[in-house]
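Heads up, the thing below is written out as structure tokens.
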Protein chains: 2
Amino acid sequence: QIREAVAQRFADGPLRGLHAVLTAGPTREPIDPVRYISNRSSGKMGYALAASLQALGARVTLISGPTNLPTPAGVARVDVETAADLLEHSLQLAADAQIFIGAAAVADYRVDAPADEKIKKNDAAMSLALSRNPDVIAAVRERYPDLFVVGFAAETEKLAEHARGKLERKKLDMIAANWVGRGRAFDRDDNALSVFWAGGERELPQASKAAIARDLGALIAERYGARA
Amino acid sequence: QIREAVAQRFADGPLRGLHAVLTAGPTREPIDPVRYISNRSSGKMGYALAASLQALGARVTLISGPTNLPTPAGVARVDVETAADLLEHSLQLAADAQIFIGAAAVADYRVDAPADEKIKKNDAAMSLALSRNPDVIAAVRERYPDLFVVGFAAETEKLAEHARGKLERKKLDMIAANWVGRGRAFDRDDNALSVFWAGGERELPQASKAAIARDLGALIAERYGARA
């Protein structure tokens with residue numbers, strides 16, 4: 001009976017019958033077995049959005065970098081570490097998805113030659129050679145031209161300009177941008193978003209990440225419906 | 001009455017009347033406002049050892065890098081982020097301590113010129129210039145020659161040789177060494193330690209970090225007593 005009630009609730013959501021794949025959290029790029037390069041993403045926004053899309057009736061798969069968050073109820077979760085892992089799982093899982101949301105803070109660069117043993121370093125200075133990581137969301141868009149693809153942008157300056165540039169350059173269907181740095185957004189439980197799409201935008205003012213995720217989920221459902 | 005019982009218990013411990021300062025967890029060295037270099041330390045060993053020393057009667061101050069661990073009951077905690085922060089607080093707090101334990105996985109290098117704004121990078125390759133961080137435990141030892149100083153060593157090869165070298169070079173009173181890499185120690189709840197001091201050593205075989213921390217705390221109390 002509970003199972004039927006849950007199934008019924010799903011059947012009633014605006015995203016019923018759809019599969020949404022989200023990426024969330026940071027990635028880690030190894031320097032050696034103990035050291036890595038990463039970033040301040042807590043994963044909270046992506047996890048909250050996964051729960052929101054699930055509540056709207058979608059089947060949701062979350063591809064997550066290292067976080068300390070519980071998996072939202074009813075959401076399938078795949079754990080990854082590097083940008084390369086995240087790309088591989090994104091391309092696989094997006095094959096039967098209708099909506100793809102790149103909320104992970106993917107490392108832009110990886111270390112050229114991670115060491116197998118812990119590096120013993122005694123020099124006063126050193127230099128770490130890095131190579132550009134693949135752009136996950138651009139790769140997913142290229143492979144799946146009909147997918148509804150939503151990106152995120154974390155900016156410290158010129159938010160609208162940078163976000164609109166990314167929307168057009170990567171051929172995204174929607175982009176959600178927020179300010180970062182100076183204590184904003186990262187590791188906090190509230191957030192504000194400016195959401196842009198071709199010919200439109202909406203401000204989601206400062207609120208809890210759960211509330212913002214509900215509004216953003218509803219907006220994704222609305223724009224997905226408008227496109228279909 | 002509870003307060004008195006607690007005070008009585010403290011008064012009975014072998015470390016009664018002593019102040020122990022511990023460092024624990026990773027440090028983070030900023031690349032820009034969102035990116036950083038860090039390492040896989042969970043902080044579990046240092047936190048468990050703080051609880052162990054507190055149970056042995058010491059007043060304990062924990063200087064902690066970013067972790068997701070609760071502060072052990074009765075322990076004072078100071079949060080830090082970079083190696084430079086950790087050094088500053090260590091030198092301050094060690095001034096009235098008798099025991100100093102460096103369990104933090106301090107970053108060996110920091111980024112030369114962290115950016116104030118998020119770096120926009122479009123190059124296929126880049127290079128990150130790094131400078132050697134101060135050696136916290138060596139600086140503490142130099143400033144406070146009478147302090148009982150305990151170091152940790154995480155090794156992927158030649159454990160005893162590397163650990164003994166560090167013990168002598170840094171003039172430590174004791175060093176606790178463990179194997180890392182290939183799934184060992186980091187982010188796990190059990191651990192094994194090889195402990196070395198001038199003229200002695202002891203193996204603490206694989207056990208929960210709480211059990212290992214109790215044994216190591218007792219060994220620190222024993223060696224501190226032998227020296228005093």
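Below, chains carry the letters A, B, ... as their sequence lines are ordered, and counting in each starts from 1.
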(request) Determine the option with the most heavy-atom pairs under 4.5 angstrom with chain A, choosing from S127(B), S38(B), A107(B). (result) S38(B)
(message) Quick check for you: to the nearest 0.5 Å, what is the distance between D108(A) atom CG and M126(B) atom CE?
(response) 9.5 Å
(message) Distance check, rounded to the nearest 0.5 Å: L69(A) atom CG versus N68(B) atom CG?
(response) 9.0 Å
(message) Surrounding CD of E142(A) (heavy atoms of other residues, nucleotides or ligands, distance under 6.0 Å), is the total greater than 12?
(response) no
(request) Using a cut-off of under 4.5 Å on heavy-atom pairs, state which of A124(A), S131(A), A129(A) scores highest against chain B. (result) A124(A)
(request) With the side chain counted from C-beta on, respond yes when R40(B) and R28(A) share a heavy-atom pair under 4.5 Å apart, and no when they do not. (result) yes
(request) Drop me the distance from I37(B)'s CD1 to Y36(A)'s OH, to the nearest 0.5 angstrom. (result) 11.0 Å
